[in-house]
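In the text below, chain A, chain B and the rest are named by the order of the sequence lines, each starting its count at 1.
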There are 2 protein chains.
Amino acid sequence: MTIGALGQATGVGAETIRYYERIELLPQPARTSGGYRVYRPEHVRRLNFIRRSRELGLSIDAVRELLSLASDRLRPCARVDRLVRDHIHDLDHKIEGLQKLRSALQRLADSCRGGGRVSECRILEALQEAEEALAGPDVECAEEDCAGRRASDKQPKPRRERRA
Amino acid sequence: MTIGALGQATGVGAETIRYYERIELLPQPARTSGGYRVYRPEHVRRLNFIRRSRELGLSIDAVRELLSLASDRLRPCARVDRLVRDHIHDLDHKIEGLQKLRSALQRLADSCRGGGRVSECRILEALQEAEEALAGPDVECAEEDCAGRRASDKQPKPRRERRA
DNA sequence: GCTAGACCTTGTAGCGACTACAGGGTCAAG
DNA sequence: CTTGACCCTGTAGTCGCTACAAGGTCTAGC
Ligand SMILES: [Zn+2]
Ligand SMILES: [Zn+2]
Ligand SMILES: [Zn+2]
Ligand SMILES: [Zn+2]
């Protein structure tokens, strides 16, 4: 099958497929004499796995690790679980942050009658004036490993070269 | 004051300030004979406005519009309100999306005992196997203008040149 | 006056995960 | 053999910064 057919079969655009190949998330497929990529059913399976993982919000690196773990069928699946649970935990932080923003914005929006002039708009005043803790201070996470994981995120990650 | 002092006064890094100048969010300041940027109190006010808006999650373009609205003191503030309320609405969508992801992931994580081998891990199975609607279908928003606003987001936006 | 060192300058590239071209080549049907 | 749908590579754009490198400026102390 061609790249277009693979795209149809998986719901992933052709340009994204080529991108995945470039970053070595998909292996290089065979080619026709004219240079067209030729895909096989195992590519469909792998790409579907990738798409579903991405739809769940997992990062490309997490997907990469899941794929590598999945190929080692005898290994314990603890690391798989941890990847997923860490991602849930990250989501919790993200959701909480957005909810805080939302309520700060709601307070702001409620303070304006909406019918006045810009010169008397409470929204603009609040943005212009001195600190009143628009968003509250952020409390730190109770979870054990959270700080550690977040710190290790900062670690410089070995970069891959393009065109190996 | 120099760029470093402005950064201290507003809590914005010097490189970010230069970036804001490049994208014309901050006006070009005066310079010393040696080429150093020289800022005045009105820059501090403007940059504080920008920082607070950004902390609330408003996009650079929204901040740009707020700043331009704020300068027209006799104009009605309806547009200001709408910007903020639209942003709240966007946040609601984002939060809802993340919560859906979260519960899909939670179901996935719960299905794994965690002590087994990769070969029998339910998480990997679910990612590998055929569709079972990992994330549910997304219902459309009841809000009137939501679809319209989202469509106009797709409109090609006139791009600004660098180095005008 | 001279030097050390803190600060500043420009320009460029990187992040994540794509997406959108341009300018050409290939393939199958009619 | 022509048409037109598909494919190829390579590059640049998205967003909002952030991190350099290589050099210039300013100020305080001697
Ligand atoms: Zn108002
Ligand atoms: Zn945490
Ligand atoms: Zn498992
Ligand atoms: Zn909506």
Next on the checklist: Any side-chain N or O of Arg37(B) below 4.0 angstrom from OP1/OP2 of dC8(C)?
Outcome noted: no
Checklist entry - Looking at Ile3(A), Leu47(A), Thr10(A), which hits side chain to side chain contact (heavy atoms under 4.5 Å, CB included) with Tyr39(A)? => result Ile3(A)
Checklist outcome for this item: Sorted by chain and residue number, the ring-ring contact (aromatic ring centres under 6.0 Å, His included) partners of His87(B) (sequence neighbours excluded) come out as none
Checklist entry - What integer distance in Å separates Leu47(B):CG from dG16(D):C1'? => result 14 Å
Checklist entry - Is Glu21(A) salt-bridged to Arg37(A), going by a charged N under 4.0 Å from an acidic O? => result yes
Checklist outcome for this item: Thr2(B) has its side chain closest, among dT9(C), dC8(C), dT9(D), to dC8(C)
Item to check | Under 4.0 Å protein heavy-atom contacts per nucleotide of nucleotides 18-26 of chain C, with B for base, S for backbone only and - for none | outcome: BBBB---BB
Item to check | Main-chain N/O of Arg40(A) paired with His43(A) side-chain donor or acceptor, under 3.5 Å | outcome: yes
Next on the checklist: Asn48(B) vs Arg51(B), test: side chain to side chain donor-acceptor pair (under 3.5 Å). Steps then yes/no.
Outcome noted: CA-CA 5 Å; Asn48(B) 266 325; Arg51(B) 177 181 54 73; 3.0 Å; yes
Item to check | Contact under 4.0 Å: Arg64(B) side-chain N or O vs dC15(D) OP1/OP2 | outcome: no
Checklist entry - Roughly, in whole Å, what's the span from OH in Tyr39(A) to P in dC6(D)? => result 16 Å
Item to check | For atom CG of Leu58(A) and atom P of dG16(C), their distance in whole Å | outcome: 15 Å
Next on the checklist: What is the separation between atom CD1 on Ile23(A) and atom C1' on dG16(C), rounded to the nearest whole Å?
Outcome noted: 9 Å
Next on the checklist: Tell me whether Ser53(A) contacts the main-chain N or O of Phe49(A) through its side chain, where contact means a donor paired with an acceptor under 3.5 Å.
Outcome noted: yes
Next on the checklist: Does a side-chain N or O of Arg51(A) approach OP1 or OP2 of dA17(C) to a distance below 4.0 Å, or not?
Outcome noted: no
Item to check | Euclidean distance, atom CE of residue Met1(A) to atom P of dC27(C) [Å, nearest integer] | outcome: 18 Å
Checklist outcome for this item: Value for CG (Leu25(B)) from OH (Tyr19(B)), rounded to nearest 0.5 Å, stands at 8.5 Å
Checklist entry - Between Glu21(B) (CD) and dG16(D) (C1'), how many Å, whole number? => result 17 Å
Checklist outcome for this item: Rounded to whole Å, the CD1-P distance (Ile3(B) to dT25(D)) equals 17 Å
Checklist entry - Over how many whole Å does the gap from Gln28(A) atom CD to dC8(D) atom C1' extend? => result 14 Å
